[in-house]
Amino acid sequence: MTREHADAGVTISRRLALQSTGWALGALWLPRLARAQSSGGNDPGFDRFAREWGELAEEMLSESQPDEDRYVYRLSAMIAALGVERLPSRPRDTYANEGMRSGPSYGAGDNFLVEFELEPGAVIRAHNHVGYDFVSVGAKGECHYRHFEPLGTPPPISGGLHEPFELRESRRGILTAGRFSTLTRVRDGIHWFQAGENGATFFDFGTNLKKPGDGWTEFSVMEFDPEPIDREQGIYEGQWIGNPYK
Ligand SMILES: [Fe+2]
């Protein structure tokens, strides 16, 4: 099932399009994009970037202990060199609700690109990413972001929903055109977004480091008390609530 189809200047394999149905936040429930082939339309600059991104990911994934920081920062530099204005828009929405519209605009191998378009003030609720590296880059407008890390081992999502646990805010900032935020499997793995008063568009560059058989049940939205337990240290109390983005 790899029949190619073209839509809005972006070619995405039928396999990818089918797998992405119901996909809101970027491969949260998406099995490995095994050999899905797609390209960013007719822009040779993006095509070259995509090839180099694939090579960079393959190199990182071939390492027994991948240096994921080196990977996301090298990828960020490649995106900056390309220019965010050359990133392909999503051909269609695979999710549209609560002021957020999103969909994949590129995918090949373990790499995928998702575009998010948020109405003014719209929120993407805090959620985790287990087994992925992500680079988020702003394209239009302004989007606030926050990242968190659990303190210690959080409750398991399967069987541990609504159990309170402590987490630390590890970074916050704004995405505007060309500004970045990143996360890896070992840091900043929970993130939250809110568009500014004029709305925002940003892109997530994801790379799947999961191995077949790792399972797909670890995704959850995290609710947290906006009042910190410890303001100086940025400690909050949160709980997994499951996946309302299904
Ligand atoms: Fe995310």
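Just the heavy atoms: all of them, side chains too, but no hydrogens, waters or symmetry mates, feed the values below.
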Would you please test M100 and V123 for side-chain contact (heavy atoms from CB on, under 4.5 Å) and show each step?
CA-CA 8 Å; M100 171 174 74; V123 169; over 6 Å; no

Do you know the tightest heavy-atom contact between G103 and T94?
CA-OG1, 3.5 Å

Apply salt bridge (charged side-chain N to carboxylate O under 4.0 Å, His left out) to residues R185 and E68 and explain how you reach the verdict.
CA-CA 8 Å; R185 291 185 301 177; E68 296 172 45; 2.8 Å; yes

What's the separation between atom CG in N198 and atom NZ in K140, rounded to the nearest 0.5 Å?
13.0 Å

All side-chain contact (heavy atoms from CB on, under 4.5 Å) counterparts of E197, not counting sequence neighbours
none

Taking the side chain as C-beta and beyond, is there a heavy-atom pair between R125 and F224 under 4.5 Å?
no

Of all pairs that satisfy salt bridge (Lys or Arg N to Asp or Glu O under 4.0 Å), the ones with a partner from residues 70-82, not counting sequence neighbours
E59-R74, E63-R70

Side chains of F148 and N128, heavy atoms from C-beta outward: is any pair under 4.5 Å?
no

Is there a side-chain contact between T201 and L118 (heavy atoms, below 4.5 Å)?
no

Could I get the full list of side-chain contact (heavy atoms from CB on, under 4.5 Å) partners for T176, not counting sequence neighbours?
E142, I174, R179

F165: partners by ring-ring contact (aromatic ring centres under 6.0 Å, His included), with sequence neighbours left out:
W240

Tell me, do Q239 and M222 make a side-chain contact under 4.5 Å, heavy atoms counted?
no

Please examine the side chains of Y106 and W53, heavy atoms only from C-beta on, and report whether any two atoms are closer than 4.5 Å.
yes

So, applying side-chain hydrogen bond (donor to acceptor under 3.5 Å, both in side chains) with H147, which one of S170, S136, S181 is it?
S181

With sequence neighbours excluded, residues passing side-chain contact (heavy atoms from CB on, under 4.5 Å) with D93:
R90, A96, R101

Shortest non-hydrogen contact between P244 and G242, atoms and distance
CD-O, 3.3 Å

hydrophobic_cluster_shared for V130 and I190, side chain cutoff 4.5 Å
no

Under a 4.0 Å N-O cut-off, is there an ion pair linking R187 with E149?
no

Looking only at heavy atoms, the pair that brings A177 and A139 closest together is CB-O, 3.3 Å

Are L175 and H144 packed together at the side-chain level, in the sense that at least one heavy-atom pair is separated by less than 4.5 angstrom?
no

Of all heavy-atom pairs linking H191 and D204, the shortest is CE1-OD2, 4.2 Å

Atom pair OG (S105) and CD (E115), whose distance is rounded to the nearest 0.5 Å
6.0 Å

Sequence-distant partners of E119, side-chain hydrogen bond (donor to acceptor under 3.5 Å, both in side chains), two or more places apart:
none

So, using side-chain hydrogen bond (donor to acceptor under 3.5 Å, both in side chains) as the criterion, who are the partners of T184 when residues are at least two apart?
none

Could you note down all residue pairs passing salt bridge (Lys or Arg N to Asp or Glu O under 4.0 Å) where residues 227-244 supplies at least one of them, sequence neighbours left out?
E227-R231

Are the ring centres of F205 and F112 closer than 6.0 Å?
no

If the condition is side-chain hydrogen bond (donor to acceptor under 3.5 Å, both in side chains), which residues does Q194 pass it with, not counting sequence neighbours?
none

For F116, the option from Y95, F134, Y145, F202 that meets ring pair (Phe, Tyr, Trp, His ring centres under 6.0 Å)
F202

Does the side-chain contact (heavy atoms from CB on, under 4.5 Å) test come out yes or no for Y236 and E169, once each step is laid out?
CA-CA 8 Å; Y236 294 79; E169 184 172 15; 3.6 Å; yes

What's the spacing between R86 CZ and D47 CG if we round to 0.5 Å?
10.0 Å

Locate the shortest heavy-atom distance separating S102 from V114; write the atom from each residue and the value.
CB-CG1, 4.4 Å

The criterion is side-chain contact (heavy atoms from CB on, under 4.5 Å); which residues satisfy it with E163, sequence neighbours excluded?
P155

Classify the ring geometry of H127 against H129: parallel below 30°, tilted from 30° to 60°, perpendicular beyond 60°.
perpendicular

Exam field: side chain R168 to backbone Q233, donor-acceptor pair closer than 3.5 Å
yes

Establish whether V84 and Y73 are linked, either directly or via other cluster members, by ILVMFWY side-chain heavy-atom contacts under 4.5 Å.
yes

Quick one: CG on L87 to CG on D43, what's the gap to the nearest 0.5 Å?
9.5 Å

Taking the side chain as everything from C-beta on, heavy atoms only, tell me whether I124 gets closer than 4.5 Å to W192.
no

Pairs in or reaching into residues 48-57: which pass salt bridge (Lys or Arg N to Asp or Glu O under 4.0 Å), with residues at least two apart or in two chains?
none

Evaluate F49 against I79 for side-chain contact (heavy atoms from CB on, under 4.5 Å), listing each step before the verdict.
CA-CA 8 Å; F49 160 84; I79 299 164; 3.8 Å; yes

Rounded to the nearest 0.5 Å, what separation is found between the CG atom of L183 and the CG atom of D69?
10.5 Å

L82 versus F46: any side-chain heavy-atom pair under 4.5 Å?
yes

Tell me, please, which residues at least two apart from Y71 pass ring-ring contact (aromatic ring centres under 6.0 Å, His included).
none

Using modelled atom types and a 3.5 Å cut-off, is there a donor and acceptor pairing between side-chain atoms of S220 and backbone atoms of I241?
yes

Full working for side-chain contact (heavy atoms from CB on, under 4.5 Å) between M60 and T207
CA-CA 10 Å; M60 185 268 291; T207 299; 4.1 Å; yes

Do L113 and L61 share a hydrophobic cluster, counting only Ile, Leu, Val, Met, Phe, Trp and Tyr and linking them when any side-chain heavy atoms are less than 4.5 Å apart?
yes

Shortest non-hydrogen separation from L56 to L75 and the atoms involved:
CD2-N, 3.8 Å

Linked, directly or transitively: L161 and L167 (ILVMFWY side chains, under 4.5 Å)
yes

